[in-house]
Amino acid sequence: MRKFDTRVQHIKYKVLREVARAEWKDQLAESTLSIPKIISPGPESTMRCCVYKERAIVGERIRLAMGGDRENPNSIEVIGIACDECPTSGYAVTEICRGCLAHRCADVCPKGAITFDDRLHQAIIDKTKCVNCGMCAKACPYTAIVNRKRPCENACKVGAIKAAPTGEAQIDNNKCISCGACSYQCPFGAISDKSYIVDVIKLLKNPANKVYAVVAPAIGSQFSYAKLGQVVSGIKALGFHTVVEAALGADIVAWDETDELLEKGFLTSSCCPAFVEYIDKFFPQMKEHVSHNPSPMVAMGKYIKSNEPDSKVVFIGPCTAKKIEFIKEKNSPYVDGVLTFEELQALFDSRDLEVSAMEEDVLDNASFYGRIFARSGGLSEAVVQALKEKGREDVQVNASVCSGIEECRIALLKASKGIGNANFIEGMACINGCINGAGCLTHGEKNKAEVDKYGREALEKTISDALSILK
């Protein structure tokens, strides 16, 4: 499949596409029972033990495609019935073990969890006693004891996922930051972001609505099968009134954030909602330093609705955390829906739109600096540029650019203890920034170069030039 990295993404997309098709026709309620047979026609199963289980899992995917559990504030949910193939995480003895005489692993175990099978000549770990301290693995001269983690647990850098008593993955909402890393890494697609695709279609079907699409700058690295201008035409063909760049909101944020940095002397960015959630849950003592400026998405929503209060705003981008950001009370007046690039592709195909055959439209609202917000380092570069344009080149920006939550943790830990000279922390929960968000069609290093190329194509070369459009 040319449009996606993995087969898991393709299955998710097919469900979204069929749900969208049914909603366009006002037939979703009666289609929920027929869609599983479209996705898994049978009679033989292709993914699971039987076709009946495949269809049951598709039924759960349909539930998520229709908004999931509305009582759950998290944008990420577990499909329990789909999560049953991964081994239990923890330390395990591999076949490399020789059952040696030294027994160092048993000697260092604080819980007496290791015994030896004389017949197999191998160490055995009693999981009921093991506390996963790792002392045995460190002591083994053969490196025969390894720490095996489920893909979702390995992907989650905040420790929000563990196995439930019944075996399936379980998300701790008190820790989860909705970055979606677990959903992309789960090889069975058992963890997924819930979708607002049905809500967006309802907005588009209402002829009284003027719906704006605010597209993230990461769009420059997506939809490789078509030109960007054709993608813009495709979005309008879905019924959107017009398409504007969230990168213009990034220009607004960069311009205002410089004033805040000058006033406070130390600042952390507020553009990545997963990073802001991370500070809120793990570094609450740093909350006062988070920029009071909204994200580019919200900044654009504010601007659009200040001119057209009755309009509707839908953000389209790579981010699953945007789905918790837009429903927050302070943001909901300005943004009416969020779609990922995966969901946009499903929308295109639900209407049988041949995007690559369309005429090219234009998308040119923002500057180079607004567009490169999509990658790590882009926001910091924009802040430096804004200071330059304001004649404040005397101000030194010592930026700590964080690519991924692990780097964010180190930077915040240092700042909270007064270590280092950083006066600006740019936090991105996803490695390399938004270009590798969980809702992207494709992931890879090539995306950074493509976003920079997209930025250089901007008609407005400076931030002040871009902002002059607003006036």
Side-chain angles (χ1 to χ4, degrees), residues 5 179-181 184 213-224 227-228 231-232 235 243-255 257 269-276 293-300 315-323 325 338-345 363-386 399 401-405 407-408 426-461 463 466:
D5 284 343
C179 67
Y184 179 70
V214 177
V215 296
I219 197 171
S221 65
Q222 303 292 306
F223 305 98
S224 58
K227 296 177 180 178
L228 180 59
V231 176
V232 174
I235 294 172
V243 184
V244 296
E245 293 189 79
L248 180 55
D251 284 320
I252 296 171
V253 170
W255 192 262
E257 217 155 67
S269 61
S270 58
C271 298
C272 171
F275 174 63
V276 174
N293 281 284
S295 69
M297 172 187 78
V298 177
M300 277 312 300
F315 175 80
I316 302 172
C319 183
T320 54
K322 288 292 182 188
K323 294 181 178 182
E325 182 188 13
V338 167
L339 296 174
T340 62
F341 291 135
E342 288 178 322
E343 291 162 340
L344 178 58
Q345 184 61 62
L363 184 66
D364 209 340
N365 312 117
S367 76
F368 166 83
Y369 297 96
R371 287 181 172 184
I372 63 172
F373 263 55
R375 62 162 174 82
S376 289
L379 169 54
S380 298
E381 291 177 41
V383 168
V384 171
Q385 175 66 18
V401 176
C402 306
S403 173
I405 281 298
E407 289 188 9
C408 292
E426 177 194 312
M428 292 283 196
C430 296
I431 301 293
N432 296 326
C434 306
I435 53 177
N436 276 328
C440 284
L441 301 182
T442 58
H443 303 72
E445 287 295 324
K446 64 183 178 66
N447 292 351
K448 178 183 182 298
E450 290 175 5
V451 168
D452 283 356
K453 178 177 178 290
Y454 172 50
R456 287 191 294 271
E457 292 169 354
L459 180 64
E460 312 300 336
K461 301 306 179 185
I463 297 173

Between [X] and [Y], is there a donor-acceptor pair closer than 3.5 Å when you use the side chain of the first and the backbone of the second?
{"X": "N293", "Y": "S270", "value": "no"}
{"X": "R371", "Y": "Y454", "value": "yes"}
{"X": "D364", "Y": "L459", "value": "yes"}
{"X": "E325", "Y": "P273", "value": "no"}
{"X": "T340", "Y": "P318", "value": "no"}
{"X": "N365", "Y": "E245", "value": "yes"}

Q: Assess whether side chain to side chain contact (heavy atoms under 4.5 Å, CB included) is satisfied between S295 and K322, documenting all intermediate values.
A: CA-CA 10 Å; S295 69; K322 288 292 182 188; 3.4 Å; yes
Taking every non-hydrogen atom, the tightest pair across [X] and [Y]:
{"X": "C319", "Y": "V338", "answer": "O-CG1, 4.5 Å"}
{"X": "A246", "Y": "F315", "answer": "CB-CE1, 4.0 Å"}
{"X": "A438", "Y": "T320", "answer": "CB-CG2, 4.0 Å"}
{"X": "A250", "Y": "G370", "answer": "CB-O, 3.5 Å"}
{"X": "C434", "Y": "C440", "answer": "O-SG, 3.7 Å"}
{"X": "A466", "Y": "S367", "answer": "CB-N, 3.8 Å"}

Q: Rounded to the nearest 0.5 Å, what's the gap from CD1 on I405 to CE on M428? Could you check?
A: 11.5 Å
[Y] side chain reached by [X] side chain, heavy atoms, under 4.5 Å:
{"X": "Q345", "Y": "L441", "result": "yes"}
{"X": "P296", "Y": "F373", "result": "yes"}
{"X": "R375", "Y": "E381", "result": "yes"}
{"X": "V244", "Y": "V215", "result": "no"}
{"X": "I235", "Y": "L344", "result": "yes"}
{"X": "V253", "Y": "C271", "result": "yes"}
{"X": "I219", "Y": "F341", "result": "yes"}

Does a donor on one side chain sit under 3.5 Å from an acceptor on the other, for [X] and [Y]?
{"X": "E426", "Y": "S380", "value": "yes"}
{"X": "S376", "Y": "N432", "value": "no"}
{"X": "Y184", "Y": "N436", "value": "no"}

Q: Under the side chain to side chain contact (heavy atoms under 4.5 Å, CB included) rule, what do K461 and F368 come out as? Steps first, then yes or no, please.
A: CA-CA 6 Å; K461 301 306 179 185; F368 166 83; 5.7 Å; no
Q | Over 12 non-hydrogen atoms of neighbours within 6.0 angstrom of NZ in K453 | A | no
Q | Audit row: Q222, V231, side chain to side chain contact (heavy atoms under 4.5 Å, CB included) steps and yes/no | A | CA-CA 10 Å; Q222 303 292 306; V231 176; over 6 Å; no
Q.
My understanding is that only residues two or more places apart in sequence, or in another chain, count here; which of them pass side-chain hydrogen bond (donor to acceptor under 3.5 Å, both in side chains) with S403?
A. none
